[in-house]
Every structure is written in C-alpha cells, then in structure tokens.
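Written out below as structure tokens is the structure these notes cover.
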Amino acid sequence: MAETIFDKSRPTRRAVAQRVAEGAVQQLLPDHQVRSSPPMLPEVSELQAVRHFTNLARKNFSIDTHFYPLGSCTMKYNPRGAHRAAMQEGFLSRHPLTPTSHSQGVLACLYELQEILQNVTGTAQVCLTPMAGAQGELTGALMIKAYHVDNNDYERTEIIVPTAAHGTNPATASMAGLIAKEVEVDADGDVDLDSLKRVVGPKTAGVMLTNPSTCAVFERRIQAISDIVHEAGGLLYYDGANLNAILGRARPGDMQFDVLHLNLHKTFATPHGGGGPGAGPVGANELLAPYLPTPMVTKTESGYGWLEQSERPNSIGRLSSFMGNVGILLRAYAYSLMLGANGMRNVSAYATLNANYLMKRLSIAGFHPAYPDRRATHEFAISLRQEAKETGVTAMDFAKRLLDYGFHAPTTYFPLLIPECFLIEPTETETKEELDAFADAMIAILKEAQQEPELVKQAPHQQPVGRLDEVQAVRHLDVTAH
Amino acid sequence: MPFIPHTHADKASMLETLGIASIEDLFDEIPERIQCADLSDIPDGVSEMAMLRHMADRARQDESGTCFLGAGCYDHFIPAAVWDIASRGEFLTAYTPYQAEASQGTLQLVYEFQTMLASLTAMEVANASVYDGASALAEAILMAIRINRKSKSKRVLIPASLNPSYIATVQSIVTHQGIKLDLMPTLDGLTPISDIDFENAAAVVLQHPNFFGLLEDADSLTTNAHDADALVIGVVNPMTLAILKPPGDWGDTGADIVCGDGQPLGIPMASGGPSFGFLCTRMAQVRQLPGRIAGRTQDKNGNDGFVLTLQAREQHIRRAKATSNICTNQGLLVTAATIYMTLLGPQGLHDVASACVHNTHWLVDRLTELPNVSMRFAAPYFHECVLDFGEPTEALQQRMLNNGILPGYPLTGLIDNGSQAMLVCATETRTNQDIERYRQVLADG
Amino acid sequence: MPDFPSDLRYALTHEWVRVNGKRATVGISDYAQTQLGDVVYVELPEIGTPVECEGEVAVVESVKAASDIYAPVTGKIVDTNNDLENAPETVNADPYGEGWFFVIDMSDEELPEDLLTAEAYSAHCQDEDDE
C-alpha cells in the first residue's frame, strides 16, 4: 500500500516554523467571497514532509543515480555548476517586471545566449521565449503561416512530416491550424524523395524535419530535400531534438533550414526535472526572423533592453506570461560558457562515439540494429522483433527487466515504424565501462528470454512496485486521493 | 574535456572495436559541404570557478530592492525545505515518468499534487501542469471549444480586467484554430456582468481576483453564462484560494475549467520563469484535459502504484488529433509546489494569504494618507490595488528604485489615465518597516 | 487465429457491418481488437448524427493506441451501444456480438461495393501481418 501524504495527515498538526503573523481579514473581504471550508491540504509536521518527499525521491531513477539511455531525450549529465549559477539570489529574486535599468545582469546573459545559439545553429536571429520543444515547434509553424499570409499565399495550409516523426510535429500542425501530411521514409531511414515530390506542392506551407532523423540516422539528402521544398514554395523547419549529434560540426542554417527550435534540456544539459521545465528557443534566417515571437533581448548604446511587439510589428506575438523559462536559459548559458566552441565539438564527437560503440557491441552480441548499414548518430535504433518472435519476450519486457539490472530503459516503441523498437541514446557523459555493463545486461536478458522467458515477462522484480496495470488505471480512473 | 569521461585508452579501444582510425570517420555520412561549422563567435570554454564568478557578478547587478510588484508574479517566502528536497538529483535529473516502475516518486508526487490542486479549486481533476498561467489559459480555451463543440460556436469572451500578457498570449496561440476572442469591457475596474452579451458564446473567461486585484462577481457571471450554455473558465491565483470561494463553488454549478499560474506556491520569481501553469476540470471532461495525468492503479501483486494514465489524449499516441502538442511540462516546479503546500498545510496557506491581504490593505491605507495618493477603484480587493500617485510614474519609479524600492507596476496604456497609476502589492514578506519606508521615500519626493 | 464470420461485410479499416433491412450495425473485427489490445474507452456518436461513408464516427482507445472508427455506409446514427461506456472490455470479449458500436439507418439499401467479404478481409489482415 503506497501511503500518500494525505494518509499521514492529522487534523490541526502543523509545520509550525512556517507560520506568519496573521492579520485579520474578515472585515476586509465580503462574506460571500470567502470559502466555506478549508482545502484538504495535508496537515503534517516539517519532518514528516521532508521524510515523505525524500523517500519518494528515492523511488525514482534519474541521471544522477542511473544510466538513462532514453533515446531522443539526451539524458546527459546536468552540471551542478550550471544549476548553482542560476540559483543565485540576484537571479532568483528578480521580479520579471523590474525595469531594465535594474536588470542588466540577466539581460546580458540572455543576449549572449541568443548570440551563442545563433552561431551554433547558423541562423540570423534567435528568440528565447518558447518554454519547451513543443512550444518552439508551434512558434515555427505560426511563423511559417504568418510568412505565407504576408505573401498573400493563403492556400498553403499543409505541414509535411515524415511518418517516423515525433508526435509533437503533427500535433503542432493542428494547433497552428494547419494540416499534417506524411512523407514516407525509405528502407535506409532517409526521407523518400519520390514520396516527398508527390506530397509537396502549392498547398505546402512547410516541411518539418529532425536531422539526424527520428530513425537515428543522418538525413544524407538534406540538400535535395531543401531544393524540392523551396522550389515548391514551402519552408523548411528544423526540429532540434537531435542537435546533440552534430553540435559544433554541422549547422541547420547551413542545411538551408529556414526556422528551427532547440531543446536546451537536451543539448544544453539543463535538468529534465521529472518532466520539465524545458526551453525551446527558436532561430530563423533573415526571411523569417521578423516573425519571431516577443519579447527578445537587444543591445543598444544605453545597455540591454527588451524588444516588444511595438518594435517588432510582424512578430507572431507573445507566448508566455513573461519571458519563458529564464532560469533554464541561465543554466544553458552557464553550460555553454564552460564548454566553449571546442567543448561543443567534443559533445557531438563523444556522443557519436558512444552510440556507435554501443551499437557495435550489441550487434556483435546478435541484436539487430534497425539500419545496420548506417552509422549511428548520437543514438541508434534496434529492433527486438526477432527476439520477440522466438521467445515471446517483447521490447517492453526487455525494458522492464533492464530496470532490475540497474539501467533505465531506452525509449521503447518509438519510432513506430520500427517493430519492437529500442531507441538507445547513451550521450557523451557516460564512461565506456557503463556502456559495456549495459551491453552485458542486454546479453544476459536475452539469455534469460531464451531460457526462462517468464522471468523477463514478469519483470521488474526488484523495484518499489511490480509491473503496473495500465488498463485498470484507465478503466477505473483514480486521479485524486479524496 | 568538460563532462566527458573518456581516457585515451578508452577512445583507442572503442575506435578499435569500431574498426576506424578517428572519431571524425563517424561523421562520413554528413555531406562535406555542410560540415565544419564556424564557431568563431563562441569564446573558449572556462572553468566552473570562472563561470560562477562571472555569473555571480551578473546576478549581483540585479539585486534591486524591496518588492511591491505583483501583476502575476509574487514575492512570497519559500521554506528552506522546498528547494532542498526539490533539488535532489532524483527529482531534478529524472525525466518524464514513462517507465512507471522506475518513477514511482515522481508519479506519486504528481498524484498528490493533482489532489491538492483539485481541492484548492474545488474541481475534480487536475493535470500534471502546463508551461505557465498564460499558456494554461490558452489551453483552457481550446479545451472549452472541444467540450462545447455542440454549440458550434467558436466565440470566447475574455474580460478587459484579465492580465494583459495573458490576453496577448491567448491571442497568439488560439486564434489559429478559428477561435474568435471578444473583449468584455471593464467598468470601474470590474466586469459588469449584466451587460455581457452571452449570445452564441462557447465560453467565457473570468480572472478572479482580476488583474487590478479586485474581486469580481464570479457567482453571477457563472450562473448567467451557464444559463446561456456557455462554459466558464476561471483564472485564479492558487494562493488566494486558501481564503476565497473556490471556482468549483462559483454560482450555480461552479466553473467548468480552472487555470492559473502556480508561482505563488513555492516558486522563486526568477524573472518569471520557470513557473508552472495548472489546469483543473470536472471528471466528465477529463478526456479533453491536455497534458499528463497520473493515476493510481495496482501492480501484478495487488500493491498500489502510480502510472501516467489517459495517454491516448496525448501527442505521442494521438498525433494530429491530440488534445495539445504539449510534451515536456514543468515537473520540477510541480515538485516544489507540492512540497510547499504540504509544509504550509491548510492553516499555513490561509495565514500567508491573510497576511498578504492585510499587508496590502495596510500599505494602501498608509499611502493614501498622503495628499496626492488615492485609490483608483472602490471595489473590494485582495492583495493588489491600483493607486493614483498624482505624478507621472516613470520618474517616480526611478526615484523609488534608486532608494531600493520596486514600487509597483506602472499602468501606462493599460487603463484610462494610466500614466500616473501603479498596481501595488505587499505580500507576507513585507514588514511594517518596509511599508513605512515606502511611504517615507514617496513623501520625501 | 482471429474469427471472421461469413455473414458480415468488412471495411479495409477493420469495421464490420451487419445489415438488417436498412439498419446497419457496426463494430470492429476480432483482428482489430487483438491488434489494439485491451480496449479502455469508446467514444460514441450522438444519436441523430448524419454520417458519410468513410467519415470518422467514433474512437476506440487502448492504453497504447487510439483508432478512429469510420462509417462503412452513409446514413444517420439511430442507436449506440452505451454499455461500452462502463464496460469497454466487451469489445475484446465479444467483438461481433455485445461489443457492437452503433447502428446506422442507411440512406441507400445497397452496401458499398468495396466492403469486403469475410474471405477477402481475412486475406487483407494476413497481408497487414506480413508487412
């Protein structure tokens, strides 16, 4: 029985150090505006609270505690120095509406981060406000739409995405009021150019691509794709989910992408926080830069300041209450200061070395890379289809059993077009020993699958809970404790 | 190499396994023309010590003084335990709890968070957060249109008394799906309910207390909107709900969707982000709620455990037909807020909210004793209030800043004759001395 | 092996149709329910809704997938299986019986020609499996 914090609650118990001098408010607020019964928040002591949440923390896998090769998520080490840099009093206590005269410190950091990201992506301008990759995608889609509308090109309503695209891509198209169309991927994981030629046309607003692609291979014909899309009057959007693979050695801008987003919580090592926050800055070439959202940071003779809607009349507008996830931006800035240009090139070098090495070790052991003739990028996909056929043990079973071996599972069943898929991304911050241990665990589980399949099918066995019933969770929804 | 652990021997042995001479060989699928990016504008890397020294200098520049600014972000006290625990690596460096058995800490915490938010707002279900308050409102509006699709209307009423950056954000995000936003005008700082034309409205938004700190007539608005078959979206500050009637109890049957920004619940102001947005609704509408939701279930041995549930609403399964494109949310801030609400409890949160109300009223009383200062609006207010200062606020603000006081939010362009008005706020962290000092500096001119 | 009753007709998108006069009862095939896994939710249309052949009418969800259900014929929804709301698992247990989804009052008595016989549909499923 998982005891929730509400089970520990007792009426009138308090964490007394948290009291403040209470002022009487009865006569200040009309009776009919006042709540009749208090909210059911827990009533516990400070120690009970600390112990409860500390013990909850211990039930989590995390980068700090486990190898976490979650493909497409770039679970690299999150430097504590960057965290501390952002957690300083001057940054934490700054009210977002403080006048610029008293905000030069944070504005300088943000301005320099804009410049770093422009340089790294090969774009003309970068806006930092989008709060996660998906919001960055929406930003890009809205910019593409605004551009076509400005050119009186109202028929361009379609966004083309590869069949293997992340779900956010088509969902973003819908949010932007555009229609997602799919383009096929060929047997080597590249976009099928014939399929692309068939689907682009006068209705094409843009094409969204990840490069390296979600199939974990580099899109080799990116130049041809760019030509096809641009000749059809469409624009090219770069989903930066996989930038870690090419950081400092190939730039989306040089690949003729018109607009892009970055995931700072991936490539720039900001903590994932159990699901967020992220940050999804958007960069654009000269053509699309006027449409970037507000606010942006500018530098003038009198110092740093904000660029708001009045200075940027073509902007698609505001996307957040203030300036997005500034705290995350500061961590990414601190991280890039420590890396410098060389450090960035080393990121992609060693992320790629680790992925290729692990793919090689697994294929020597008899596992099946989805694209055996291709280089791994910063990640690679394997298909456990044959293993599942032979032993009845699925990719999900493998994933659960890996937990018992002390490894977080890779991304499972994505991309969808690879059956029984594991998408494995070791990142540059893991040692060779860790990669070897992971490969050994995979080999051991394969042996278990062959000799004692039930052991794997019933996994995990050594976690705080056994395999959970997701079907029951939906059929008998229990989403609050009261 | 910062953060990269490979020794020369490691590298050599890995290259040997791969049968290649150099790491550069691994990039041979990238066309040469687009290789070798020029990073000449990026400086060389520095040590952690040098980085921290630089960042400390920058952070010190921004220490600007005693805060009487609110307008959507509030200077509350945060108990030490909140961020001590939230910063534990197991919370800080985990990702989305897709592997439930390896993520019970995060999942149970989200379940407890959902319970707390549902209780605070008197709604039945909350999600695991969206980005911030403004984007939460955009999601709430999209959700309302989906729920009320029978009405075939895409007209949504939003009040002029709504936070202006929320209005701007909602405009950027929702209008692309054919939604028409109509602004309800404000009279004396409030939304005049009897004047509202609900005709053909799918939903109506109300911020309460509103942007000017005033208490709206949420009961009448809710009842009238429901009579006209429009849904009600409440935008609230969760802190105020320790005292104020929760949106689930507004009017006849309560609001249908409730959203807002969680910053007051243990999140530092930090330039406005990261914070988190929350979204609550009725169980009947749970399938239209975007974002992650944690649910309690059992494992194969019959023990309780937690999973992400109702995932078929989300982009990774539903793709173009998902409720939203949101993937990454603001999990870490939810962790902090859950610990904060636990430490405060119902009485603690009530005390904090009361102190905010009390301090702001005291600030307003003391300032309006000065000859040039007056309240703009007469209606009851919570912990923010619009004051006219009898002089242009631009110069006034600089004068106060030079004395270490952030005096409030200038309302130039936001209300009639706004150039002499500011929105002021005094949370529980402001002392009587702080308030007296504000009065003194203001009086000294 | 999935079961394909020979008295039904099937759509390429895995719906089955049972015709009785102008009333067409629609559900999803045994093959489809196996592919989906445990059904956890079915979103049904409102009675009276006009539907177009091949238009989206309903949604069926498992934990890992959500699939649209298309109308195999043109007409108007005259009945829906509200029992599925509380017992979606019926779709798995009895796809051709208690697990039906809705009934369409057909505007045309002739079934569209591209609806498959049990034999042809079985071959179609075999092809999908081999892919």
Side-chain angles (χ1 to χ4, degrees), chain A residues 163-171 174 179-182 184-187 189 192 195 215 370 383-386 388-390 392-400 409-423 457 465-479, chain C residues 1-2 12-14 27-44 52 54-70 80-95 97-101 124-131:
Chain A
T163 47
H166 194 266
T168 50
N169 291 176
S174 299
I179 299 155
K181 292 272 168 182
E182 291 195 335
E184 302 291 326
V185 172
D186 71 16
D192 184 309
S195 170
C215 296
S383 171
L384 294 166
R385 182 190 203 177
Q386 194 173 320
K389 232 175 199 170
E390 286 167 11
V393 169
T394 64
M396 186 54 74
D397 300 326
F398 259 88
K400 300 298 184 195
T411 297
T412 50
Y413 300 103
F414 178 80
L416 288 166
L417 60 85
I418 299 170
E420 297 296 328
C421 181
F422 259 14
L423 187 61
K457 286 185 189 176
V465 288
R467 200 176 298 192
L468 289 157
D469 188 345
E470 295 186 40
V471 174
Q472 183 194 327
V474 189
R475 286 188 182 160
H476 307 284
L477 273 181
D478 170 2
V479 293
Chain C
M1 260 316 272
L12 286 170
T13 44
H14 304 292
I28 64 167
S29 74
D30 192 23
Y31 175 81
Q33 70 81 14
T34 312
Q35 292 290 310
L36 270 171
D38 292 316
V39 171
V40 294
Y41 182 67
V42 180
E43 186 184 309
L44 293 167
E52 283 282 327
E54 296 181 7
E56 292 164 12
V57 183
V59 183
V60 57
E61 285 179 19
S62 67
V63 168
K64 300 286 176 213
S67 300
D68 291 311
I69 304 299
Y70 302 93
T80 58
N81 185 359
N82 296 324
D83 292 347
L84 297 181
E85 204 169 297
N86 294 317
E89 59 272 20
T90 316
V91 176
N92 297 115
D94 189 9
E98 296 295 311
W100 63 279
F101 279 41
H124 169 63
C125 295
Q126 190 65 49
D127 288 350
E128 282 206 355
D129 267 347
D130 292 343
E131 255 177 35

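A note on names: the letters A, B, ... follow the listed sequences, proteins ahead of strands, and every chain is numbered from 1.
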**Study point:** Heavy-atom proximity to chain A below 4.5 Å, by part of C:V63
**Key:** side chain
**Study point:** C:E54, CD: over 12 other non-hydrogen atoms inside 6.0 angstrom
**Key:** no
Review point. Does A:K181 NZ have over 12 foreign heavy atoms under 6.0 Å away?
Key: no
Exercise for review: Sort C:E61 into side chain, backbone, both or neither according to what part of it lies under 4.5 angstrom from a heavy atom of chain A.
Suggested key: neither
Exercise for review: Report the distance from atom OG1 of A:T412 to atom NZ of C:K64, rounding to the nearest 0.5 Å.
Suggested key: 7.0 Å
Study note, to complete from the structure: Heavy-atom closest pair (C:V39 atom, A:R475 atom, distance to 0.1 Å) is O-NH2, 2.6 Å
